[in-house]
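This report refers to the structure that appears directly beneath it.
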Amino acid sequence: MKNKLPTSPHAFSELLARVLKVCVLFLIIMSCAYMLLAMLGYHPKDPGWSHLGYHAGVRNWTGIFGAWLTDLLFSFLGVSAWFLPFIIIWPALRFMLRREVTLLDGLPFVMLRASGILLLMASLCGLASIHLSNQSLGFPFTSGGIIGQALSDWMVSWFSLLGSTVLLITAAGIGCTFYMELSWDAIQNRIGGGVLNAYRYLSALFAHNDDSSAQASDSAKQNADKSSALNDHGNNHAQHNESVRASLKERMRARLEPAFSASTGAASDAADASFGSALKSIKGQPATVNQQSAAEPPLVTEAISAHQSVKESGARAEPSWEDVDAADNIVPLRTVSQHPPGPAVSASASGLPKKELKIVPLAEAHQPIQNDDHDANSSNKERRPVRSLRKIPSLDLLDPPELQTDHGYSEEELEDMSRLLESKLKDFGVIAEVVEVNPGPVITRFEIQPAAGVKVSKITNLAKDLARSLAISSVRVVEVIPGKSVVGIEIPNASRQMVRLSEVLNSKPYLEASSRLTLALGNDIAGNPVVANLGKMPHLLVAGTTGSGKSVGVNAMILSLLFKATPEEVRLMMVDPKMLELSIYEGIPHLLTPVITDMKEAAGGLRWCVGEMERRYRLMAKMGVRNLGGFNDKVKAAQQQGKPLLDPLWNAEEHGEPFGTPAPALETLPYIVVIIDEFADMMMIVGKKVEELIARIAQKARAAGIHLILATQRPSVDVITGLIKANVPTRIAFQVSSKIDSRTILDQSGAENLLGNGDMLYLPAGTSVPNRVHGAFVGDDEVHRVVEAWKLIGEPVYIDAVLNESGSDSGGSSGGLFDEEQDPLYDEAVAFVTETRKASISSVQRKMKIGYNRAARMIETMEAAGVVTEAGSNGLREVLAPPPVRG
Ligand SMILES: Nc1ncnc2c1ncn2[C@@H]1O[C@H](COP(=O)(O)OP(=O)(O)OP(=O)(O)O)[C@@H](O)[C@H]1O
């Protein structure tokens, strides 16, 4: 198999290159051998470059050429000439053995080494010239040759003897580094590893001696039995190793076969590619591999990388079975786990004996995220089965989840990947052992136990390098896994299972959740559904770079609301500056206003929310309840008793009714969810005032049943300001482009290592450890179907005040939009308030004969200007400014 004849021109040229390489190598080795022999046969009286021979004949074994060559070498290099053949052979050998490097590829390496050789030889010559006497050595010129003499003369005149020595040693060190492509770190590690191994070996030896002396009284028979058992065990062990090696080799061969044959089955290819892709990088880093192989026994993964390199080379018409034979080098590290305890077959990266690798599906290992379906705002009575007789479209409108055919990685693949991970970590100087693997539907989590003294932040900082060296899109390091002392490394599966919204909405946590504000987010890493209660959040910030799945995520949240609540229970205000994402919902009965696309109107909408929030607070204060749930309960109870409650805030004049018109009966109030799709745009257009409005709603609106969902693709600090962050405690980060962005949203890195396509980190309020959630996918056509179904059930009843509110503002420029002090009636209102010492909105309203919201705005402006205090717990304000002086 190995020597199959080439069949294509490409394969022929490859073969030719290989043969040429071998010839060149042979030539170099033989030249060096000749040089060495010539030097060994050196006779000072032979003829040469530096002098004429005293004898007619030549004594050198290698003839006149050898005599001249040696004389030249010794004349110029002195004693250092002896190093030359060895120095040349070593890199030549390494270069020739790098199978995949062509001469041109290798040229930079050759030049690097050549310059290293020059520097090294020159400094050795200099050092020899300074420190070795030629008297006993008898070289033609000096012990350092002409080069050493010239160099040392020049250096000593400038740097003295000591200075020259130091400089020459430094130059030799640098030359050596270039020459050997040395990493001093690796040398340190090797020396350290050697010392440790020697120590372990010695301590094991002494322990063994102690044991044997303690057991010296055992009978000779027992000893004989023992030793024969040990021998048996050793033999069994060797056999076992052999068989595992053979089986691994067989496995690889089995994997390679389909790669070569045209009739490759798609399934096996997919599984193979999935694993192979994780190993691609090794081939791209030949230096690394060589260094590693010099330092430690080749790993399974190296052999597999050879397999990968073969597999990759669709271009390489004639793959070599040498790659399969690399499997002969496999050291079956994991055999220990399946073997009775005995002399350790392998050692982990930490040098300690391996424990058995546990493979536990994430479904068992992962603690599901607590789905909090208890809404603080809703009383117990409201906790009833949700899908009752209320008219809500059927969940059948959504596409069903696809049948999952991919079964993820096999056990062997997981084991191999664990080894690869350990070895890659080791390359980066982190000694750690994979103790458990948790395969999940989208990612696989490797739990690693770092060696003592390894800082977890070091591993976190390696996330990108690990991803690159494992040739995968991203690696996420989970610093803390609750209840465990290990560090998690999350690696994406080659094929990812999609989470459909229908799957999450049909799950128990969603169906049984009592809150009308239940949001379906997706599945956790173990595949458990994750739902969250917006009522408890109570506001949510969603950020992620473009294409990360943010809009799909927001759509899934909106549909979760639409499948849970009627328009009487939840009303929506949607702001969509991009005019494409949310416009799809136009016309559903839940909307308070048409989808807002004009940013000035959006600001007006927010202001309406502030007014509504104040109104609800006053209503709740009058009714003696603490939140919207309590208010609704009271209203419903009164309705059931046939004694509906009347609106305590009713003002007939304000509504254009004659004085004395009885107040209307109170109705239950819906929750209001304000969804702003690109909230950065709003901040840019309307400015700081939006930030203040959002902060005000966020601070107080929870009890009033008003909740915000803010989405942005620009998670920068000028958008997600401190004020907003402080008041919007629940965050969701989809994939972002940098650690800084991740910190802006979550106060920690991690979101930059997400996979995109709906992969998110969900940070519930009051927690610091984010949960990874694979977002639920919902397509535009599904959204359309749900929207159409709702449109058939009812029409939206828009609240004019929202539009009027924005309309009243639209006259001003965007800069002066919120400048209430420009209100023509503002001065009059201030005079009225300071005169009457009454800072109530309704009195200003009555006096000025203006709408509630305008009056509320004036009072707020007065508060900001320090004319009145902020409302106390009883809703009253004090007037601070003195009454106007009347002339
Ligand atoms: N949960 C998911 N599962 C699978 N694929 C998803 C998921 N969410 C989004 N995607 C894929 O990612 C693509 C981009 O998603 P989406 O449009 O939501 O991104 P975005 O962050 O809103 O981008 P933009 O800000 O540009 O609109 C979608 O077309 C879809 O193919």
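For the numbers below, each heavy atom of this structure counts, side chains included, while hydrogens, waters and symmetry mates do not. These numbers were taken from a predicted model, which means no experiment stands behind them. Both counts, for ligands and for their atoms, begin at 1 and track the order of listing.
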How far is atom 1 (N) of ligand 1 from its nearest protein heavy atom, and which residue and atom is that? Gly775 O, 2.7 Å
Could a heavy atom of His774 be found less than 4.0 Å from some atom of ligand 1? no
So does Asp399 pair up with Arg500, basic N to acidic O under 4.0 Å? yes
Is the count of non-hydrogen atoms from other residues, nucleotides or ligands lying under 6.0 Å from Ile793 atom CD1 greater than 12? yes
Audit row: Glu581, Val554, side chain to side chain contact (heavy atoms under 4.5 Å, CB included) steps and yes/no: CA-CA 9 Å; Glu581 302 291 356; Val554 170; over 6 Å; no
Are the side chain of Lys564 and the backbone N or O of Ile392 linked by a donor-acceptor pair below 3.5 Å? no
Interfacing atoms of ligand 1 (cut-off 4.0 Å, heavy-atom, Ser548): 19 (O), 20 (P), 21 (O)
Heavy-atom distances under 4.0 Å are what count here, so tell me which part of Val499 touches ligand 1: side chain, backbone, both or neither. neither
Has Glu795 got more than 12 heavy atoms of other residues, nucleotides or ligands less than 6.0 Å from its CD? no
Run the salt-bridge test on Lys725 and Asp747 with the 4.0 Å N-O cut-off and return the result as yes or no. yes
Has Glu581 got any heavy atom lying under 4.0 angstrom from an atom of ligand 1? yes
Can you check whether a protein heavy atom sits less than 4.0 angstrom from atom 23 (O) of ligand 1? yes
Hey, which atoms in ligand 1 end up nearer than 4.0 Å to a heavy atom of Ser551? 18 (O), 20 (P), 22 (O), 27 (O)
Donor-acceptor side-chain pairing of Gln497 and Asn523 below 3.5 angstrom: no
Is Ala776 touching ligand 1 with its side chain, its backbone, both, or neither, if touching means heavy atoms under 4.0 Å apart? backbone
Which one holds for Lys550 and ligand 1: side chain close, backbone close, both close, or neither close, with close meaning a heavy atom under 4.0 Å? both
Where does Lys578 meet ligand 1, judged by heavy-atom distances below 4.0 Å: at the side chain, the backbone, both, or neither? side chain
Say whether Gly547 and ligand 1 are in contact under the criterion: heavy-atom distance to a ligand atom below 4.0 Å. yes
